[in-house]
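Everything on this sheet refers to the single structure shown next.
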Amino acid sequence: MAAIELRGVTKRYERAGLFRGRSVTALHDLDLTVESGEIFGFLGPNGAGKSTTIDLLLGYAAPTAGSVTVLGEDVATERTAVRERIGVLPDGYGAVGERTGREHVEFAIEAKGADDDPDELIERVGMRGPDEYPVTQYSKGMAQRLMLAVALAGDPDLLVLDEPSTGLDPNGARTMRRIVREENERGATVFFSSHIMEQVEAVCDRVAILDGGELVAVDTIDALRDSAGGTSTVTLELSSVPEETVRYVRALEGVAGLKTDGSSVVIGCEDGAKAAVIAAFHDSPATVRDVETSETSLEDLFERYTRGVAQ
Ligand SMILES: Nc1ncnc2c1ncn2[C@@H]1O[C@H](COP(=O)(O)OP(=O)(O)OP(=O)(O)O)[C@@H](O)[C@H]1O
């Protein structure tokens, strides 16, 4: 079953104030399916329409046209039922007021009708101690960890994480990645919007790239590399250079060039040919002492697929 299904979704906003009367189309006729059990990365430049899409998924806004189905329910009519099954980490807002961190977590558990242990959730996101004072006194990163604990309450079927790494130190970012994987192993679908490409690359099964309110790519990162004609450099350190294997690899499809330097071999090839190149040297009479590869980064792909900010 699909966890998220957008069909023909258009969202237009009417501008207020000075630009009253002018509308902006944030999403144009969007079709998107996220399967149950996926960790799905949602990327796009500023103004591409990511937050708008998330608002539609959560029923905070209604589409101008099209349908939004989440966990098998139509968000237009079943908004409350859907929200009970979603854990949300919002971008840049959330916990407010004089409540302590612990009270926020307790409130979230109660609101979901769940029986989680608040201490366990607080511990899981790496907060120790400060959960007892008001969230107004939290640092940005602590507030972000707290909101992640809130999102995890009640074992949601879908986690919607909007820029989850905001304000997190490297330990916090690692904790967040670990939690995303654990939640996914438990069976949750994770919808993950981020500008931090390394985070997305580290955890996501598939990504969508949105630009100017339209989807410009939806696929695994490896498939996007292949279709963008990405190139890799493979450097192998060998016990000796096996001439026959060198000839074989030079003739492989997708290999653009090979040069040898002492006991090392450097191959330029398409991303998709990399595995065959490495396997050929592993199968050769030489011993492979070290392998280094570099490939098209998600950041390069993002740049290729996007053209700027929506108007
Ligand atoms: N409430 C609103 N009223 C009018 N226009 C809006 C409103 N919310 C968003 N927009 C417009 O819709 C477009 C998409 O905005 P959105 O916030 O969805 O982008 P985004 O991809 O989340 O951007 P960012 O990465 O900067 O957060 C932009 O042109 C924005 O100006």
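Order of listing sets the numbers, starting from 1, for every ligand and every atom in it.
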Numbering the atoms of ligand 1 from 1, which are under 4.0 Å from a heavy atom of [X]?
{"X": "K50", "value": "18 (O), 19 (O), 20 (P), 21 (O), 22 (O), 23 (O), 24 (P), 25 (O)"}
{"X": "A26", "value": "12 (O), 13 (C), 14 (C)"}
{"X": "A48", "value": "19 (O), 20 (P), 21 (O)"}
{"X": "H195", "value": "25 (O)"}

Using modelled atom types only, decide if a donor and an acceptor are shared between the side chain of [X] and the backbone of [Y] within a distance under 3.5 Å.
{"X": "S165", "Y": "L168", "value": "no"}
{"X": "R145", "Y": "V125", "value": "yes"}
{"X": "K274", "Y": "V234", "value": "no"}
{"X": "D219", "Y": "R206", "value": "no"}

**OP:** Applying ring-ring contact (aromatic ring centres under 6.0 Å, His included), name anything that partners F42, two or more places apart in sequence or on another chain.
**Re:**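 F42 satisfies ring-ring contact (aromatic ring centres under 6.0 Å, His included) with F191 once adjacent residues are dropped.
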Ligand 1 contact by [X], heavy-atom criterion under 4.0 angstrom:
{"X": "P45", "result": "yes"}
{"X": "K11", "result": "no"}
{"X": "G44", "result": "no"}

Partners meeting side chain to side chain contact (heavy atoms under 4.5 Å, CB included) with E270 (sequence neighbours left out):
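Residues passing side chain to side chain contact (heavy atoms under 4.5 Å, CB included) with E270: none at all.
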Of the listed options T25, L56, N46, closest to atom 26 (O) of ligand 1 (non-hydrogen atoms)
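Selected option, by shortest heavy-atom distance: N46.
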Self-check item: Nearest candidate to atom 22 (O) of ligand 1, where distance is taken over non-hydrogen atoms, out of G212, A61, S51
Solution: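 Looking at heavy atoms only, the winner is S51.
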* Could you tell me whether T52 approaches ligand 1 through its side chain, its backbone, both or neither, with non-hydrogen atoms closer than 4.0 Å? =>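 It is both parts that get close, each with some atom under 4.0 Å.
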- Would one find an N or O of G47, backbone or side chain, under 3.5 Å from an N or O of ligand 1?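 Looking only at distances, the answer is yes, because the N/O contact criterion of under 3.5 Å is met.
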**Report entry** side-chain hydrogen bond (donor to acceptor under 3.5 Å, both in side chains) assessment of T52 paired with Y13
**Finding:** CA-CA 10 Å; T52 299; Y13 292 107; 3.0 Å; yes
